[in-house]
Amino acid sequence: MKYPVALPKTSFPISSSNHDNILNFWKKINLYKRLTQRSEEFLLHDGPPFANGSPHMGHAVNKIMKDIFNRGKALLGYKINYIPGWDCHGLPIESAVESNLKKAGKRRSDFSIQQFRELCRDFANEWINVQKDGFIKMGVIGDFDHAYTTMQSQFDILKELHKFVQDDLVYRGFKPTIWSCSEATALAEAEVEYYDKTSNSVDVKLEIISKDRTDLLGAKLVIWTTTPWTLPANRAVACSREFEYVLLELAGEKLIVASELLDNFMQRTKKTYTLIDKFRGHDLVDLHVKHPFYDLGIQLEVPVLHSDHVSLDQGTGLVHIAPSHGEEDFVLGKQYNLEVTELIDNNGKYIDSLALIGGKDIFESENIIIEKLRELNVLEAHNKIVHSYPHSWRSRKPLIYRVTPQWFISVDQMKKNVLQVIDQVNWIPEFGKNRFISMLESRGDWCISRQRVWGVPLAILYHEETGEILKEAIPEIQNLLLSEGMDKWWDIASEVAKKHPGYVPCYDIVDVWFESGASQEYVLHGKRADVYFEGSDQHRGWFQSSALQASRVIPKMPYKNLITHGFVVDNKGRKMSKSLGNGVDPMELIAKHGPDLVRLWVASQNYIEDIKWSLEHLNRVKDIEKRFRNTMKYMLGSVIPFSYEGCYEEMQLLEKWVLGRVYQLNQEFKNAVDSFSTYKFVKNLFLFCTVDLSAFYFDIRKDILYCEDVNSPLPKQVRMVLKHILDNFIRWIAPIMPFASEEAWMEMYGSGVNSVHEQTILNLPNWSDKDIDVSMATVREVRKVVTSALEIMRERKEINSSLDAEVHIITRKLNGVSLLDMKQILIVSGLTIYNCEQDFYDNEGKRDLYSTADVDDVQVFCKKVSGNKCERCKHVHAGIADLCDRCFKVVS
RNA sequence: GGGCUUGUAGUUCAGUUGGUCAGAACACAUCGCUUAUAACGGUGUUGUCGCAGGUUCGAGUCCUGCCAAGCCUACCA
């Protein structure tokens, strides 16, 4: 015979595919707008992702975490302000568009700059739409209708740049760039590929002519280079003060090389030597030597300088310095005011005025140069070397370093300004601060010009010779571009310039970091953001450019909290890449598993470190998701169809304890939101569901919920507690699993009008009671001993359910806990508690007692309880038929 | 090559200032409930704490070196 019991009842599903309806609901009620109708603001400024591809896991982590912050803050009652943005300009898009043209059989040169920019714009717009759609599917809410893009903000960006010009912070300078002679253009880092190349390697002897050093006068420094074509541009020799150098005699000549590289050098000369002297590099510094082509008209006496970058890996420990043809050379040259010579033209030919090689191709001239060096008796050795060398990815031709004129922002004062207010920012993690500072300190002036077309034109006029910028023309330029559009700069610039004799227009575009760095102006309008949250690569990117730009005039940081996250890597810690095939598409995951799961995966990560992706881990997170949903399902089913009431004071120990846990978790939720870190909260919430609720509280209270008269006080109180848990729980998971939360909310309060995401967390009385927590900890300790003892009986097939047993406990620990409470908590049919062993023996006779090593003062004896099992509640009682007294009353 | 960061059970992680710190959960195995049932509960197994030295009475915890990985940067005459 089956007797009716009050089982939970709900249509809330354990898994759901109702996402689209919920997304539509949020759209219909304009959830984002509703969340902006509050007073105190939480302003999260979106770092714009690059508009050139579909969303990847990095986007997912970034956007979802931002949304969790936003929804979390909304639950704490804040007005949210989140305007998504996109970074649209730059080389990758230009390259992609160009390659698309190529695939279509077209050439870039067939398009005007304006037309080409139009194509880039279309390309960017297309990807913005794809990404926008993806982010919305992830559940991200924000002002997508008024998203910002750098391409729509061009004019504001230019105005911002002009402020730097007006403040005399922009100047023309020179910079070594990687130059392609075949294409007559500077290349970006991304356009360079390294292949092996066979080069000439030469050891060249430079005679010391410093008269005050008679000991070394006439001796020759040996320099080694693999780019003999740069020798005409030689302006110095670098050595290291610290290294030891040797003076040796070789075929009648005195030569100097570094001790450690002597063998290396001798292998190239294939001669024998006599060692004369040893000394520190310090002794060489400030000597002067003859230029390699001294006897060919370049009558320079070049200095020997110390440089930290001199190494003992190869060469001679004495380095040929040509400031116009090398990064380090340029830096050293700048430090010592060396002449930066322009000996070659855009196509890689020497200038005509140069003797012997004038007008000739630099690479082709190398043989002539080497031959001449030999004739001049400055060549010690000539060999061939195969080494990795930069090449153009397009023409596959070798590239060279060349110093070209560029535009710079002088950052010294801004750096000082930023460092002054560095502590106005809360750095999460803390080490981000030092990382930021060291990167800031080590940076040089900001090169803002790019020889490209897809970007904000660096619209200025400058004096052809002096490089002075014509500030008076700025209003005129701005007015023209405002009415004509930014694309028109390339058409109107020359006309503007005509009105200002001597001045020419700049056709470069502005570095994209300047564009996004100015977003604080055109998006935030100078307001300080509460949070910037991006990958840790942005310490030298957006975080830095934003801070520098904010501090143009006075020290100011654009963000209050600067939070960085790691990168998504696979379970072996390797970054996701196409070649490894370990990449994963977040949109596929969402389609397959739903957005909540992906969000929960993100929320359960400590994003400070690298974020490890694996399917195995996702499946584990899936268990957490199921546990959360199932916990809500159980509570919904136990609350909605029944009546509940009761106040804290009337509740049992167990109920008071659970409410205490609810209070504690509510505090933890606030902390998680305020500290922008959810993973510990997710873990604790999961433990709450499994350990506290499912395995303990729910398990114990099933008897009362199912079997007791539903209208009697105790079930009503238990359901009241469940209602409390539920009301809080739905809110706690709202930021993390907004879809499940909304579903539960609708199940609870009906659908169609309000969203859970408009709610704020509940202001709970302090239910946390330390005394109750302590005694409950003891209770659970005792319970653990009892379940272990019962397990032994179960193994012996003496019992199945714990209700088949009666338990005797000998302990002094359970003072203050009623026998009835304890019996319910243990879920057994009989319980006796003794204060000492003798009392137990008096009652039950001499028995073997069970105890465990980790719990002292608790001994247990269990036996099968005698009597009949109640068909309804499964408790065993003596002297009953098929129903116990309680169940009989309830049923009838 | 340099700067910052990370490395604890199969997995994800806890381990405060060096002294019950070798833990939790999941997974796995197994038993039970059949009244959350495409659920729920109990019990059990798992680790040279990246490797090698050092400091200390004592180190996962401090120091040094190395290895692996991530971000940034320099990739060299």
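Chain letters run A, B, ... following the sequence lines, proteins first, then strands; residues in each count from 1. Given the structure is predicted, the values throughout are model-derived calculations rather than measurements.
Minimum atom distance to the side chain of A:T787 is reached by B:rU43, of the listed B:rA36, B:rU12, B:rU43. For A:M439, the listed nucleotide lying nearest its side chain is B:rG3; candidates were B:rG3, B:rA36, B:rC4. Listed nucleotides B:rC40, B:rA77, B:rA24 differ in distance to A:V319; the shortest reach to its side chain belongs to B:rA77. Nearest nucleotide to the side chain of A:K702, out of B:rC13, B:rC40, B:rU11: B:rC40. Of all nucleotides listed (B:rC72, B:rA14, B:rA36), B:rA14 comes nearest to the side chain of A:K683. Here the nucleotide nearest the side chain of A:P8, chosen from B:rU12, B:rA36, B:rG10, is B:rA36. For A:A695, whose side chain is taken as the heavy atoms from C-beta onward, the closest listed nucleotide among B:rC4, B:rG42, B:rC75 is B:rG42. Among the nucleotides B:rG32, B:rA14, B:rA39, the one closest to the side chain of A:N606 is B:rA14.
Pairing analysis of RNA chain B (Watson-Crick: purine N1 to pyrimidine N3 plus N6-O4 or O6-N4; G-U wobble: N1-O2 and O6-N3; both under 3.5 Å) yields stems of 3 or more pairs at B:1-7 with B:67-73, B:10-13 with B:23-26, B:28-32 with B:40-44, B:50-54 with B:62-66.
Partners of A:E327 under the side chain to side chain donor-acceptor pair (under 3.5 Å) rule, at least two apart in sequence or in another chain, do not exist in this structure.
Side-chain to base pairing of A:R435 with B:rC71: one donor and one acceptor N or O lie within less than 3.5 Å of each other.
When each of A:T631, A:I624, A:N630 is tested with A:R627 by the rule side-chain contact (heavy atoms from CB on, under 4.5 Å), just one qualifies, namely A:T631.
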